[in-house]
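Counting from 1, the numbers follow the sequence of the chain as shown.
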Amino acid sequence: MATKKKGRASGKHVAGSRRAGSGGDDKPVALTLKVDSATYIRLCTLRATQRQSSQEILQQALAEYLDRVGA
């Protein structure tokens, strides 16, 4: 007879009680972003011409967007 494991619900990550930015150690958290092929090619082209990683470009763009909308 199979038994369920306790803890995580259906294999998904369950968020802890600590909120982002509230602690002393600010560890990066993985995030998956799916885009269409045209957007991917544009990002790759920008990445090559700016000599930045996709992560750097997306972090900057996201930070600017969040600031703009007041989040």
Side-chain angles (χ1 to χ4, degrees):
M1 178 182 231
T3 59
K4 282 188 172 183
K5 291 183 180 180
K6 293 183 181 180
R8 294 184 179 185
S10 47
K12 300 280 183 180
H13 177 73
V14 178
S17 59
R18 290 181 56 175
R19 297 185 62 90
S22 65
D25 58 282
D26 201 13
K27 296 181 182 179
V29 178
L31 174 68
T32 300
L33 174 66
K34 294 187 179 191
V35 297
D36 58 80
S37 59
T39 301
Y40 179 75
I41 291 169
R42 290 174 66 194
L43 177 60
C44 289
T45 303
L46 181 63
R47 181 180 71 198
T49 59
Q50 297 295 312
R51 294 185 180 207
Q52 290 183 308
S53 68
S54 294
Q55 180 168 330
E56 290 170 325
I57 294 167
L58 293 172
Q59 281 180 324
Q60 181 181 354
L62 180 57
E64 289 175 12
Y65 173 78
L66 292 172
D67 288 344
R68 190 173 71 237
V69 298

Q55 side, atom CD; L31 side, atom CG - distance, nearest 0.5 Å:
9.5 Å

Name all residues meeting the side chain to side chain contact (heavy atoms under 4.5 Å, CB included) criterion together with L43; count only those two or more places apart in sequence or in a different chain, and write none if there are none.
S54, I57, L58

Group every Ile, Leu, Val, Met, Phe, Trp and Tyr by side-chain heavy-atom contacts under 4.5 Å, then state whether L46 and Y40 land in the same group.
yes

Among Ile, Leu, Val, Met, Phe, Trp and Tyr joined by side-chain contacts under 4.5 Å, find the other residues sharing a cluster with V29 and list them by chain and number.
none

Quick check on Q52: does its CD atom have over 12 non-hydrogen neighbours (other residues, nucleotides or ligands) under 6.0 Å away?
yes

Please check if any side-chain donor atom of E64 sits under 3.5 Å from a side-chain acceptor atom of Q60, or the reverse.
yes

